[in-house]
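One structure is given below, encoded as structure tokens.
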Amino acid sequence: MNVQSVLSTDPQRLGGLDTQPHYVEVENFVLRVAAEFSSRKEQLVFLINNYDMMLGVLMELAADDSKEVESFQQLLNARTQEFIEELLSPAFGGLVAFVKEAEALCGFVMPESLC
């Protein structure tokens, strides 16, 4: 019943939305709520805050190497990277695009330790 109530929840009926973590810790619901924000920057801040909160809770309850912890860590890292690119894009978008294109043409792959 809990899962069904979360699935049928309309984010519009939650009242005022802000970018703080939401109390409903369900990934699909968080994605639906994030979609209610008009700007991608606000969507990303909301997702980062919620993924970080969920990851913190999971890390308290699960082993650090559990698939759930790894999954939310990947989601958090991906949205954080996207947020950084969103912030840098107005001033450095051309440079970032050039570097990505050059890396692709040269077959260069950034080492994980530098990402």
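Being a predicted model, the structure only gives us computed values, none of them experimental. Numbering of residues begins at 1 and proceeds along the displayed sequence.
- In this structure, Phe46 and Asn50 approach most closely via the heavy-atom pair O-ND2, 2.8 Å.
- Taking every heavy atom of both residues into account, Gln43 and Phe37 meet most closely at NE2-O, 2.9 Å.
- Within the 4.5 Å cutoff, side-chain heavy atoms of Gln73 are placed close to those of Leu76.
- Of the N and O atoms on the side chains of Gln81 and Asn77, not one donor lies less than 3.5 Å from an acceptor on the other residue.
- Looking only at side-chain heavy atoms (C-beta outward), Glu86 and Glu82 stay at 4.5 Å or farther from each other.
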Handout entry: Criterion side chain to side chain contact (heavy atoms under 4.5 Å, CB included) on Lys100 and Glu85, from CA distance to verdict
Key = CA-CA 12 Å; Lys100 286 183 178 183; Glu85 289 179 11; 3.3 Å; yes

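- Atom CG in Leu75 sits 12.5 Å away from atom CG in Asp52 (nearest 0.5 Å).
- To the nearest 0.5 Å, atoms CZ (Phe83) and CG (Leu44) are separated by 7.0 Å.
- Of all heavy-atom pairs between Phe72 and Met54, the closest is CE2-SD, 3.4 Å.
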Practice task
Give the intermediate values and the outcome of side chain to side chain contact (heavy atoms under 4.5 Å, CB included) for residues Asn49 and Met53.
Solution key: CA-CA 6 Å; Asn49 285 336; Met53 178 192 62; over 6 Å; no

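- The CZ atom of Phe92 sits 11.5 Å away from the CG atom of Leu87 when rounded to the nearest 0.5 Å.
- Nearest heavy-atom pair, Ile48 versus Arg79, reported as atom, atom and distance to 0.1 Å: CD1-O, 3.7 Å.
- For the atom pair Lys67 NZ and Leu58 CG, the distance stands at 12.0 Å (nearest 0.5 Å).
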